[in-house]
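Keep in mind it's a predicted model, so treat the numbers as computed, not measured. Index from 1, following the sequence.
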Amino acid sequence: MDEFELIRRYFTRELIDADVRIGIGDDGAVMRPTTGRDLVAVMDTLVEGVHFPVDLGAADIGWRAVAVNLSDIAAMAATPRWMTLALTLREANPDWLQDFSSGLFAAAEEHSISLVGGDTTRGQQNIISIQICGDVDPDFILTRAGARVGDLICVSGTLGDAAAGLNLLQSNSVMLDADNDLIRRFRRPNARVSLAQTIAPHASAAIDISDGLYGDIQKLLRASDTGGRIELDSIPLSSTLVEQFGLDRAQQFALGGGDDYELCFTLPAGSEALLSEFSQQHTVRISCIGVVTDNHKLICTRQGEPFNYVDQGYHHFGASGS
C-alpha cells in the first residue's frame, strides 16, 4: 500500500463543509473564511514515547492528536473549522491505521471539523502533527496577555487526573484498568471549546493547561506582566485521584503533571457569581484558585501559609528552554 492508497483508504471523507472549496487530493486546500471573523491557527506534534506510550491504542492516539489542538483553539475562544494531518509511520499497518483514523475522526466530528489535507511519510517512529484552523469573533479573542492585578484565577474541571492516569499506564500498576477514570482522562481528553466561548466576553486572559498548572499559570502571568497567588487547597481534585494517590501526591500531579487540557482563565474581581453560571451551563466544575498580583512572581499557599513549590511541569528541552 503506497501513501496515496493509504490516504484514500483511511483519511478521505466526503466533505460536508460548504466553505471547503478544495480538500484532499490537490496540492493545497482552499477554504473560505467566515466574513467578519478572524482566523486562528494552532499546531501540535505528538511523538511516540514522548507524548504517549508506545503501546497506547491507535484510536486513543488519534483522538488525543485532535484533542490537544482543540484545547489550544479553546484557549483563544475560537471555533474549530478545518484540520491538516502530517503522519510519519514506521509501517503502514492496516489495523493500526483503521483504529487511528477512527479515533481521529471521532474527535473531529464532535466539533464538525473537516480534514482538508496533509502528508504521509515513513520514519523511525510514529509522529503525528495536526494543524487546526478556526475562526473567532475579533471582539472576544482570549489571549494570555490580558490579566490585571486583582483578577480572579480560575480553572475548569479537575486537575491531575490525566497525569496520574499516565503514571498508572507507565508503571503497570495493579490499579491498571482500561475503565479506570484516571486512565480514561489521559486516553480521551475533552477540550473546553464551548465553555471558552461562553467565558470570552467576561474573561481577561486564558490559557489551556497542558504542561502542568503551575507552569501554565506562569506563562499567562508573564504574558500579562503580572504575578499571582494560588491556594493549593482550592485546586479542584477528583475523589478518584485523592483516593488512589493521597492528597499530597494528587496536588503534585495537578501542579506539574500536565495533560489536563482544562482551561485556566482570569476574571475581574467580584465575578464569583459567574462561576456558578458557567458551571451550570456547561455541566463542568469551575473553581477560583487564586488572584493576580503585582509582584511578578507566582506564590503558592497551603491552608493560607506559604508553600515552597519547585515546578516539575513538562519542558521539551529543559526548564531553561536550551
Side-chain angles (χ1 to χ4, degrees), residues 1 3 6-7 9-11 43-71 83 85-110 115 118-130 158-191 208-212 238 240-241 243-245 249-250 252-254 256-262 312-317:
M1 176 169 52
E3 64 177 297
L6 185 157
I7 293 169
R9 185 181 302 181
Y10 298 106
F11 298 106
M43 185 174 186
D44 257 309
T45 296
L46 274 65
V47 179
E48 179 183 70
V50 177
H51 299 99
F52 58 89
V54 174
D55 57 356
L56 187 67
D60 294 330
I61 297 170
W63 178 285
R64 281 181 56 81
V66 175
V68 300
N69 282 279
L70 283 172
S71 187
M83 69 178 180
L85 166 68
L87 187 60
T88 298
L89 299 173
R90 292 193 307 274
E91 59 177 341
N93 180 298
D95 291 337
W96 191 96
L97 283 163
Q98 183 62 54
D99 288 347
F100 172 81
S101 61
S102 69
L104 178 140
F105 281 115
E109 287 166 1
E110 281 202 357
L115 179 64
D119 190 28
T120 59
T121 187
R122 185 170 184 171
Q124 298 301 309
Q125 62 187 139
N126 292 343
I127 301 173
I128 302 103
S129 295
I130 285 182
T158 57
L159 306 182
D161 293 337
L166 177 60
N167 179 271
L168 293 177
L169 287 171
Q170 292 175 328
S171 66
N172 294 316
S173 166
V174 294
M175 291 185 284
L176 184 60
D177 181 344
D179 291 327
N180 183 287
D181 288 341
L182 305 179
I183 293 175
R184 189 181 303 112
R185 282 290 303 275
F186 177 80
R187 290 171 53 239
R188 297 284 175 121
N190 286 302
D208 76 315
I209 304 171
S210 56
D211 297 328
S238 70
T240 302
L241 177 60
E243 288 168 4
Q244 293 193 16
F245 287 93
R249 198 167 182 203
Q252 293 293 320
F253 277 130
D259 285 313
D260 289 306
Y261 301 107
E262 295 288 353
Q312 297 177 346
Y314 185 77
H315 304 276
H316 285 281
F317 301 102

Between [X] and [Y], which heavy-atom pair has the shortest distance, and what is it?
X	Y	answer
A191	A67	CB-O, 4.0 Å
G160	D260	N-OD1, 2.9 Å
A162	G258	CB-O, 4.3 Å

Subject >> ring-ring contact (aromatic ring centres under 6.0 Å, His included) partners for F186, two or more places apart >> reply: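 Checked F186 against ring-ring contact (aromatic ring centres under 6.0 Å, His included); zero matches.
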Subject >> By ring-ring contact (aromatic ring centres under 6.0 Å, His included) - contacts of Y261 (at least two apart) >> reply: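 ring-ring contact (aromatic ring centres under 6.0 Å, His included) list for Y261, sorted by chain: empty.
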Subject >> Residue list, side chain to side chain contact (heavy atoms under 4.5 Å, CB included) with A108, at least two apart or on another chain >> reply: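 Partners of A108 under the side chain to side chain contact (heavy atoms under 4.5 Å, CB included) test: M83, I113.
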Any [X] side-chain heavy atom under 4.5 Å of [Y] side chain:
X	Y	value
H51	I128	no
L97	R9	no
L241	T158	no
L166	F253	no
T88	Q124	no
N126	F100	no

Straight-line distance of [X] [atom1] to [Y] [atom2], nearest 0.5 Å:
X	Y	atom1	atom2	value
L87	T120	CG	OG1	7.0 Å
L85	D119	CG	CG	9.0 Å
L56	I61	CG	CD1	5.0 Å

Subject >> From CA spacing to verdict: side-chain contact (heavy atoms from CB on, under 4.5 Å), N180, Q244 >> reply: CA-CA 11 Å; N180 183 287; Q244 293 193 16; 3.2 Å; yes
Considering residues at least two apart in sequence or located in another chain, which fulfil the side-chain hydrogen bond (donor to acceptor under 3.5 Å, both in side chains) criterion with [X]?
X	result
S238	D161
R249	none
S71	D208
Q98	none

**OP:** Check each of L115, L104, L70 against I130 using the side chain to side chain contact (heavy atoms under 4.5 Å, CB included) test, and report the only one that passes.
**Re:**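 The option that passes is L104.
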Original post:
So, the side chain of D259 versus the backbone of A163: is there a donor-acceptor pair under 3.5 Å, distance only?
Top reply: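 Flag not set: sc D259 to bb A163 has no pair under 3.5 Å.
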**OP:** Output, in order, the C-alpha distance, side-chain angles, deciding distance and verdict of side-chain contact (heavy atoms from CB on, under 4.5 Å) for T240 and L182.
**Re:** CA-CA 8 Å; T240 302; L182 305 179; 4.0 Å; yes
**OP:** Among residues two or more places apart or on two chains, list those pairs meeting salt bridge (charged side-chain N to carboxylate O under 4.0 Å, His left out) that have a residue in residues 52-61.
**Re:**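 Output for this query lists D60-R187, D60-R188.
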**OP:** Sequence neighbours left out, what pairs pass salt bridge (charged side-chain N to carboxylate O under 4.0 Å, His left out) with at least one residue falling in residues 88-99?
**Re:**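 Every salt bridge (charged side-chain N to carboxylate O under 4.0 Å, His left out) pair that includes a residue of residues 88-99, provided the two are not neighbours, is E48-R90.
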**OP:** Taking salt bridge (Lys or Arg N to Asp or Glu O under 4.0 Å) as the test, write out the residues that go with E110, two or more places apart.
**Re:**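 In terms of salt bridge (Lys or Arg N to Asp or Glu O under 4.0 Å), with neighbours along the sequence ignored, E110 is linked to no residue.
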